[in-house]
Amino acid sequence: MDATKLILLGLPLFLFVTDIINLFRPISPQIHQPLYNYYQLNHQSLHQQQHPQHLNFPPQKPSSSIASGIGVGHVISISFCTSCSYRGHAMTTKHMLEEAFPGITVTLANHPPPLLKRLMGIVIPILQVGVIVIIMGGEQIFPKLGYMRPPPWYYSLRANRHGTIITTWFLGNYIKSCLKNSGAFEVFCDRELIFSKLMEQRFPGEFELRELVSRKLYNLRNSEGFTGGLW
């Protein structure tokens, strides 16, 4: 048997014998100590992830505006025209004031039109009914009123009575809706007017209204004998 065959046969036998020896050799604790530390560290990190530590942050102090409750005891009244579709703007203003002045009470109410418009709003329906009644029964009504025959304009309206009745009804309703519009957006702070859309002919700006209310509350606190600024 030559040397090449001996090497090819002896190398597998050597590896087999080496594996048998390593299999039955006692395990050295020094070899597996790093491995044990590795598993121990991984277990600790996993435990920390599952049970995170609670950090003790210092308690936050409430802001001065919220803590002081600068709006407590004060009432903001917004009187606006409900028939002018101002309700959405009034609600937005209400939420803004409640956030800017904690504790303040904001009320919403309809601002009625002037007395003359209210009286005209009562007269218009009466005129509508009167015109319709005259058109339908004018030939019997005018003789009872002392007229021998109805006036000429009655026959003109009578000739197109359906169109006249419809026009009278819709025109009267349009006039009534216009009479209900006051166009008002009035802001009162403790029953004192601080902004009027009727006088300014515009809506108040957000920062402008905050400044007006702040100034009013500041003056009220000074008049009541309190010291210190509003903020």
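For reference, positions follow the sequence shown, starting with 1.
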Quiz item: Can L212 be reached from F101 by stepping across I, L, V, M, F, W or Y side chains whose heavy atoms are under 4.5 Å apart?
Solution: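 Yes: a chain of side-chain contacts under 4.5 Å links F101 to L212.
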
Quiz item: Hey, any chance M91 and V106 share a hydrophobic cluster, counting ILVMFWY side chains that come within less than 4.5 Å of each other, even indirectly?
Solution: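 As far as the 4.5 Å side-chain criterion goes, V106 and M91 are connected within one cluster.
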
Self-check item: Side chain proximity check, M120 to I175, heavy atoms < 4.5 angstrom
Solution: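 A side-chain contact under 4.5 Å is absent here.
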
Self-check item: Test item: F80 and K197 side chains (from C-beta on) under 4.5 Å apart, heavy atoms
Solution: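 The answer is no, as the side chains (C-beta and beyond) never meet within the 4.5 Å cut-off.
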
Practice problem: Taking atom types as modelled, find out whether S196 and E186 have a side-chain donor-acceptor pair closer than 3.5 angstrom. | Solution: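 A pair is found: one side chain offers a donor N or O, the other an acceptor, under 3.5 Å apart.
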
Looking at [atom1] of [X] and [atom2] of [Y], how far apart are the two atoms once the value is rounded to the nearest 0.5 Å?
X: Q140; Y: L145; atom1: CD; atom2: CG; answer: 12.0 Å
X: I166; Y: I132; atom1: CD1; atom2: CD1; answer: 10.0 Å
X: R161; Y: I134; atom1: CZ; atom2: CD1; answer: 15.0 Å
X: L198; Y: L193; atom1: CG; atom2: CG; answer: 9.0 Å
X: L157; Y: T164; atom1: CG; atom2: OG1; answer: 5.0 Å

Set of residues satisfying side-chain contact (heavy atoms from CB on, under 4.5 Å) with respect to [X], sequence neighbours excluded:
X: T93; value: I78, H89, M96, L97, F185, L209
X: R149; value: Y155
X: K180; value: S83
X: E192; value: K216

Could you work out, with salt bridge (Lys or Arg N to Asp or Glu O under 4.0 Å) as the rule, every residue matching [X], not counting sequence neighbours?
X: E139; answer: none
X: K94; answer: E98
X: K176; answer: none

Practice problem: Please collect all side chain to side chain donor-acceptor pair (under 3.5 Å) contacts where either partner lies in residues 105-119, sequence neighbours excluded, each pair once. | Solution: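 For residues 105-119, and leaving out neighbouring residues, the side chain to side chain donor-acceptor pair (under 3.5 Å) pairs sorted by first residue read S77-T107, S79-H111, T82-N110.
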
Do you know which two heavy atoms are closest between [X] and [Y], and how far apart they sit?
X: L217; Y: C189; answer: CD2-SG, 4.1 Å
X: I104; Y: V213; answer: CD1-CG1, 4.5 Å
X: G138; Y: P143; answer: O-CD, 4.1 Å
X: W169; Y: Q128; answer: O-NE2, 2.9 Å

Practice problem: Return the set of residues passing ring pair (Phe, Tyr, Trp, His ring centres under 6.0 Å) with Y86 (not counting sequence neighbours), or none when no residue passes. | Solution: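 Once residues adjacent in sequence are excluded, the partners of Y86 under the ring pair (Phe, Tyr, Trp, His ring centres under 6.0 Å) criterion are F203.
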
Exercise. Name all residues meeting the ring pair (Phe, Tyr, Trp, His ring centres under 6.0 Å) criterion together with Y154; count only those two or more places apart in sequence or in a different chain, and write none if there are none.
Key: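 Scan of Y154 (ring pair (Phe, Tyr, Trp, His ring centres under 6.0 Å), adjacent residues dropped) gives F142.
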
Quiz item: Should the heavy atoms of other residues, nucleotides or ligands under 6.0 Å from CZ of R191 be counted, would the total exceed 12?
Solution: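 Counting other residues, nucleotides and ligands, CZ of R191 stays at 12 neighbours or fewer.
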
Practice problem: Output every pair passing disulfide (SG to SG under 2.5 Å) with a member in residues 112-157, not counting sequence neighbours, ordered by first then second residue. | Solution: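 Every candidate disulfide (SG to SG under 2.5 Å) pair involving residues 112-157 fails, so no pair, neighbours aside, qualifies.
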
Self-check item: Set of disulfide (SG to SG under 2.5 Å) partners for C84, sequence neighbours left out
Solution: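 So C84 forms a disulfide (SG to SG under 2.5 Å) with C81.
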
